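Everything on this sheet refers to the single structure shown next.
Because the structure is a prediction, the values reported are computed rather than measured.
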Amino acid sequence: MASDKVDLKKVRNIGFVAHIDAGKTTTTERVLYYTGKTHKLGSVDEGTATTDWMIQEKERGITITSAATTCFWKGHRINIIDTPGHIDFTVEVERSLKVLDGLVVIFSAVEGVEPQSETVWRQAERYKVPRIVFINKMDRIGADFKRVVEGMKKKLGVDPLIITLPIGMESEFVGVIHLVEKKRYIWDVDPTGEKFRIEDYEFDEESLNYYEDIILKASEYDDEIFEIYEKEGFVPPEKIKEALRKGVIENKIFPVFVGSALKNKGIQPLMDAIIDLLPSPLDVPPVHGKLNDKDIFVHTGEGNLVAQVFKIQVDPKGKNKYFYTRIYRGEITFMTKIYNPRTGKTMRATRIYRMHANRKEQLKKAEAGDIVALVGLSDDTITGDTLTSADEPVILDMIPFPEPLVSIAVEPKRSSDESTLEEVLRIFEAEDPSLKVRKDESTGQFILTGMGKLHLDIIIDRLKRDYNIEVRTGKPYVSYRETITSSSSSKAEFVKETAEKVHKGVVEVEVEVSDKNQMEVYGDVPKEIYEVLRYAFEEVIEFGPIMGYPVIGVKVRFKINHSPEFTPLGIRAAAVKALSEALEKANPILLEPYAKIKVMTPGEYLGNVIDKLRSLDGDIRNIYDELGVSTVEALIPLKNTFDLAGELRSASQGRAFYSITSVEFLPEKK
């Protein structure tokens with residue numbers, strides 16, 4: 001068992017994020033190799049990448065689930081989460097960002113700032129996660145790091161700070177110029193990239209301009225830097241790095257590094273930057289939570305336990321359930337009493353693991369700043385739950401997850417598999433908050449709702465591969481929403497006598513159009529009755545009055561003159577009836593999900609792409625050219641995107657690709 005004690009100042013909890021196929025997993029593989037965590041260079045194309053351990057990931061060459069691993073570099077421990085780049089698995093990015101202290105955002109030097117890269121960047125901004133940038137694939141034909149930098153300025157609205165410059169381009173790319181260190185790193189002696197040459201470098205006019213940009217930025221955080229530069233013409237690298245680090249932690253500086261992960265060039269300076277520029281757990285702001293309904297901010301360090309479960313994974317062979325957890329305060333051993341404020345249960349972790357993708361290392365103790373997997377927590381523990389002490393039951397903010405929109409019907413080919421199928425689907429649902437499972441009692445089929453067709457394809461494949469369950473599936477279809485178009489009100493009374501007592505309640509409801517679902521309660525009611533009304537609200541808006549789809553965009557006001565003769569059961573029944581009637585009278589309509597998409601294509605195929613989108617009922621919103629690549633922004637019914645990748649390939653000889661940037665609901669077209 002490991003029990004290594006590491007200074008929190010020397011811990012980095014980071015993630016690698018990018019658009020699909022930008023080289024994120026390959027970069028992670030190089031980091032693991034150069035830190036000695038692996039002894040062979042893994043390959044995505046060959047299916048040997050360490051963090052892409054699922055068979056579905058190996059076959060498709062994409063990351064599906066976020067994988068955690070740990071390595072050591074120059075006396076620092078780096079906990080890494082490699083996240084997916086496909087929009088269908090954005091939930092994996094969302095929950096990782098909630099618990100990470102820093103990010104390496106990877107862009108392709110050829111494709112530049114792609115749509116999913118923008119999405120991930122915005123997610124990181126929402127969580128205020130400090131970032132450094134790695135421009136990958138400098139060896140590829142068409143590589144242009146300046147174009148990527150301009151793309152960052154234009155699309156992300158940031159001012160990137162270039163730290164390393166390429167030596168050569170495309171097939172002639174051999175190394176990088178490290179401006180802060182005034183050194184040349186050249187990889188021309190070892191195909192693995194483990195060995196390289198470092199040479200002194202003298203600035204030319206272009207590189208001097210970049211260096212002075214660095215000096216100006218760093219001077220904002222250390223006044224001495226500019227004075228030293230004026231006197232000496234060069235500032236000690238460690239002094240610059242210390243100043244830049246402050247700006248990175250404040251999310252005001254975004255350093256840029258270049259390289260080629262596949263060709264094993266430029267990775268070591270990036271690894272140094274992870275240590276030099278990204279924050280430790282002690283550097284980031286405290287996390288927000290509630291304690292007895294009052295705001296509280298938890299700093300990383302000693303004290304009563306505060307941790308958060310951000311991912312659940314079930315081993316299909318051993319049936320162990322692993323609760324991936326970030327510890328913010330205190331420690332966990334097998335003797336620690338762990339309290340879950342949501343369930344009110346106290347439990348213990350029977351085992352603690354530091355994960356290395358699908359392999360694990362058992363620990364005696366996990367401490368503040370750690371990211372570990374726990375075994376032995378109660379089965380009703382869910383993603384987002386806070387683990388704390390009963391003496392101080394802090395509740396951290398839950399992790400927000402997008403609503404799934406694409407559904408398929410599933411039934412077992414063998415009737416004997418029905419109960420097993422339901423059990424496994426419930427496991428998948430526990431693992432993946434973006435998957436919803438319900439049983440259609442009229443048909444006996446299970447309805448799976450996920451983020452997209454690929455997401456659901458992976459679920460079906462896992463049923464067969466991991467659990468040997470053969471299923472029949474229907475065609476995918478989208479989940480609509482319902483809303484109201486006018487205001488209305490209703491009043492309902494409920495009276496029912498049972499053998500024990502009379503249940504009674506009188507509730508009046510007003511509804512009106514709103515930009516989001518809201519609930520208000522008028523009248524002086526105890527907390528218990530407020531919760532009863534909240535349950536009634538959630539119950540009714542889950543199933544709309546037209547076709548039973550969830551209701552969105554409605555503001556509900558409950559009015560109640562509370563009486564001692566009213567009971568919680570009576571009030572709830574009256575509230576459900578009144579709200580249901582009010583929604584029916586408010587002229588409800590169906591809303592169809594539309595995908596906002598960006599299609600990138602060579603200019604010669606632009607006409608074909610536009611024709612294809614229009615044939616799929618797409619509304620072209622914008623067309624622009626950026627450095628030889630045409631981009632089409634369009635709004636298209638989500639139901640028409642299931643085979644869009646193939647449609648675009650045929651329209652562009654395989655050279656156009658698209659990404660869904662967001663989904664919005666619009667009135668259904670008649």
Side-chain angles (χ1 to χ4, degrees), residues 13 91-92 94-101 123 126-129 281-282 284-313 321-333 336-349 352 366-403 429-434 516-521 525-535 537-539:
N13 292 316
V91 65
E92 294 287 342
E94 192 79 31
R95 58 176 160 196
S96 298
L97 289 177
K98 180 69 165 63
V99 299
L100 290 174
D101 301 326
Q123 286 175 295
R126 192 165 68 250
Y127 287 105
K128 296 181 172 59
V129 184
L282 297 176
V284 294
V287 292
H288 176 263
K290 294 279 189 180
L291 179 60
N292 301 323
D293 291 330
K294 293 182 179 179
D295 289 322
I296 185 173
F297 292 90
V298 179
H299 292 267
T300 296
E302 297 179 352
N304 286 331
L305 175 66
V306 178
Q308 188 163 38
V309 176
F310 67 94
K311 177 182 172 73
I312 298 172
Q313 184 177 312
K321 187 177 281 190
Y322 298 97
F323 297 88
Y324 285 71
T325 303
R326 165 68 190 265
I327 303 175
Y328 292 99
R329 195 175 70 188
E331 63 180 33
I332 297 176
T333 71
T336 303
K337 289 184 178 179
I338 299 171
Y339 179 70
N340 184 333
R342 184 185 62 82
T343 64
K345 290 185 178 179
T346 300
M347 50 204 163
R348 285 187 171 91
I352 307 166
E367 301 172 297
D370 271 334
I371 293 177
V372 294
L374 306 177
V375 175
L377 304 187
S378 62
D379 278 345
D380 54 358
T381 303
I382 63 172
T383 299
D385 273 355
T386 305
L387 307 180
T388 181
S389 69
D391 295 335
E392 191 182 359
V394 174
I395 302 176
L396 298 180
D397 295 340
M398 289 293 285
I399 304 170
F401 295 116
E403 280 293 314
E429 192 176 29
E431 288 183 329
D432 183 354
S434 65
K516 61 181 180 180
N517 285 346
Q518 301 176 67
M519 186 194 93
E520 295 178 353
V521 177
V525 299
K527 184 177 180 180
E528 177 192 31
I529 300 304
Y530 181 89
E531 288 300 310
V532 165
L533 293 172
R534 184 172 63 83
Y535 289 138
F537 170 76
E538 292 173 351
E539 179 182 338

Spacing of [X] atom [atom1] and [Y] atom [atom2] [to the nearest 0.5 Å]:
{"X": "Arg348", "Y": "Ser378", "atom1": "CZ", "atom2": "OG", "answer": "13.5 Å"}
{"X": "Glu431", "Y": "Lys311", "atom1": "CD", "atom2": "NZ", "answer": "7.0 Å"}
{"X": "Tyr127", "Y": "Leu100", "atom1": "OH", "atom2": "CG", "answer": "11.0 Å"}
{"X": "Leu282", "Y": "Asp101", "atom1": "CG", "atom2": "CG", "answer": "9.5 Å"}
{"X": "Ile338", "Y": "Leu305", "atom1": "CD1", "atom2": "CG", "answer": "6.5 Å"}
{"X": "Asp370", "Y": "Asn13", "atom1": "CG", "atom2": "CG", "answer": "8.0 Å"}

What pair of heavy atoms forms the shortest contact from [X] to [Y], and how long is it?
{"X": "Leu291", "Y": "Val394", "value": "CD1-N, 3.9 Å"}
{"X": "Ile395", "Y": "Pro341", "value": "CG1-CB, 3.6 Å"}
{"X": "Leu97", "Y": "Gln123", "value": "CD1-CB, 3.4 Å"}
{"X": "Pro393", "Y": "Tyr339", "value": "CB-CE2, 3.8 Å"}

Using a 4.5 Å cut-off on heavy atoms from C-beta on, say whether the side chain of [Y] contacts that of [X].
{"X": "Lys321", "Y": "Thr381", "answer": "no"}
{"X": "Gln308", "Y": "Val287", "answer": "no"}
{"X": "Ile327", "Y": "Glu367", "answer": "no"}
{"X": "Leu374", "Y": "Leu387", "answer": "yes"}
{"X": "Met519", "Y": "Phe537", "answer": "yes"}
{"X": "Leu396", "Y": "Tyr328", "answer": "yes"}
{"X": "Asp295", "Y": "His288", "answer": "yes"}
{"X": "Arg326", "Y": "Thr300", "answer": "yes"}

Checking [X] side chain against [Y] main chain: does a donor-acceptor pair fall under 3.5 Å?
{"X": "Thr388", "Y": "Glu392", "result": "yes"}
{"X": "Thr325", "Y": "Val309", "result": "no"}
{"X": "Arg329", "Y": "Asn304", "result": "yes"}

| query | With the threshold set at 4.0 Å, does a side-chain nitrogen-carboxylate oxygen contact exist between Lys527 and Asp293? | reply | yes
| Between Glu538 and Arg534, does at least one N-O distance fall below 4.0 Å, as a salt bridge requires? | yes
| field | Member of Asp379, Asp385, Asp380 meeting the salt bridge (Lys or Arg N to Asp or Glu O under 4.0 Å) criterion with Lys345 | value | Asp380
| side-chain hydrogen bond (donor to acceptor under 3.5 Å, both in side chains) between Ser389 and Asp391, worked out | CA-CA 5 Å; Ser389 69; Asp391 295 335; 5.2 Å; no
